[in-house]
Amino acid sequence: MNSHTVDLAGSVHYVDFGGPADGPAVVYVHGLGGSHLNWSRLAPLLADQVRGYALDLAGFGLTEPCGRRTSVGANAELLLRFLDEVVREPAVLVGNSMGGMVSILAAAQGPHKVRGLALVDPTLPLAPGARVDPVVRKQFAVHAVPGLGEWSLRRRLARVPVRDRVGYTLALCFSDPARIPPETVTAGIALEERRATQPRRAESYLEAARSILRGVGRSEHRRRMAGLTQPVLLVHGVHDRLVPIASARATAATHPQWTYAELDAGHTPQIEVPEQVAAEIRPWLAGL
């Protein structure tokens, strides 16, 4: 895994996982609060088949906002520019959570730049009757309120130790905390400590979070999914607390042309059960 930066109207950090010169290009797109680290367990499992890249979206990981917007829409434009200037060929997008939403938007806006989408527990419209985890509902309700969201998040960043913040996030995203790899915790803490002096961290996060809340319930998001012309693989953890499995099942039923698979995992199967995710992606990629 080689680390790089590129100037895309501001510095953008990404990692190159390598791969065969004649293999298809794959770009891994992380979720809200995530980074390139979210792919450090899955990408090596596919490196014999694909050339893999994982970028840090604006406002996340090691990509500072640099005056840029950090909404889903703005990061979709950043992703398209990354495809143009770094990958330089049509690529398969593998997106988790918010990264799935960013990937859908990028594929809709630049269909000739995207060969296919592998969506791993992406942000999806809430299915009728789907149960929203009360912890998640409360967290997003606070983030949605201007002023209160900023105060709450700044307070958390200032008062809660890094180890506790990383541990809380992983526990929320994993179905079984016993599956959390120690090296994932260590890497997450190191990255958070590196990011401690980054400007506008709370504002960047909240701009992205609020854009998710605005976008996911709109009919436009559903129309984008319905209008995708690329092959789509939807993989979802049955124990996901952030995007209920009922929403994934409803989406799969609405798009029978997509390939759909469920895994015994939470919101980030690519970290929790990377071998199972790779087992779903490999034959789907071969079919492209």
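Please read all numbers here as calculations on a predicted model, not as lab measurements. In what follows, residues are counted from 1 in the order of the sequence shown.
- Once rounded to the nearest 0.5 Å, the distance linking CG of L117 with CE of M225 reads 11.5 Å.
- Contact of the H236 side chain with the P122 side chain is registered, since non-hydrogen atoms from C-beta on lie closer than 4.5 Å.
- Remark: the backbone N or O of I271 is paired with a side-chain donor or acceptor of R41 at under 3.5 angstrom.
- Of the possible donor and acceptor atoms, none in the side chain of E193 sits under 3.5 Å from a partner among the backbone N and O of V162.
- Centroid-to-centroid, the aromatic rings of Y260 and H255 stay 6.0 Å apart or farther.
- Salt bridge annotation for R224-E220: present, with a cationic side-chain nitrogen under 4.0 angstrom from a carboxylate oxygen.
- Below 30°, between 30° and 60°, or above 60°: for Y14 and Y53 the angle between ring planes is between 30° and 60°, a tilted geometry.
- Distance CG/L93 to CZ/R115: 11.5 Å, rounded to 0.5 Å.
- Residues F17 and L79 do not share a hydrophobic cluster, defined by chaining ILVMFWY side chains whose heavy atoms lie under 4.5 Å apart.
- For the atom pair CG of D133 and CG of D240, the computed distance is 9.5 Å after rounding to the nearest 0.5 Å.
- Using a cutoff of 4.0 Å between basic side-chain nitrogens and carboxylate oxygens, E150 and R210 are scored as salt-bridged.
- Side chain to side chain, D264 and H239 meet the donor-acceptor criterion of an N or O pair below 3.5 Å.
- The line from CG of L242 to CG of L172 is 5.0 Å long, rounded to the nearest 0.5 Å.
- In the hydrophobic clustering of ILVMFWY residues, with side-chain heavy atoms under 4.5 Å counting as a link, M98 and V94 come out apart.
- Not a single donor-acceptor pair under 3.5 Å links the side chain of R69 to the backbone N or O of E207.
- Here the straight-line distance linking atom CG of D56 with atom CG of L191 works out to 7.0 Å at 0.5 Å rounding.
- Here the CG-CG distance, from L119 to L228, works out to 8.0 Å after rounding to the nearest 0.5 Å.
- Put simply, the side chain of S152 never gets that close to the backbone of G149: no donor and acceptor are under 3.5 Å apart.
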Step by step, work out the side chain to side chain contact (heavy atoms under 4.5 Å, CB included) result for L32 and F140. CA-CA 12 Å; L32 182 67; F140 274 91; 4.0 Å; yes
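- By the 6.0 Å contact criterion, CZ on R137 is enclosed, its count of non-hydrogen atoms from other residues, nucleotides or ligands being greater than 12.
- Nearest approach of N75 to T70, heavy atoms of both residues: ND2-O, 3.3 Å.
- Other residues, nucleotides and ligands place more than 12 heavy atoms under 6.0 Å from the CZ atom of R156.
- Connection of V136 to L124 is established within a shared hydrophobic cluster, with ILVMFWY side chains joined at heavy-atom distances below 4.5 Å, either directly or through further cluster members.
- One side chain, R195 or Q198, offers a donor N or O that lies under 3.5 Å from an acceptor on the other.
- In the displayed structure, R179 atom CZ is contacted under 6.0 Å by more than 12 heavy atoms of other residues, nucleotides or ligands.
- Here the closest non-hydrogen pair linking E64 and P199 is OE1-CD, 3.5 Å.
- Proximity of a side-chain donor or acceptor of S40 to a complementary backbone N or O of H36 within less than 3.5 Å is not detected.
- Ionic pairing of E203 and R154 is present here: one or more N-O contacts between side-chain nitrogen and carboxylate oxygen are shorter than 4.0 angstrom.
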Would you check, one step at a time, whether the test side chain to side chain contact (heavy atoms under 4.5 Å, CB included) holds for N38 with Y28? CA-CA 9 Å; N38 293 46; Y28 301 99; over 6 Å; no
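- Ion pairing between a basic and an acidic side chain is recognised when a charged N comes within 4.0 Å of a carboxylate O; E77 and R68 show no such pairing.
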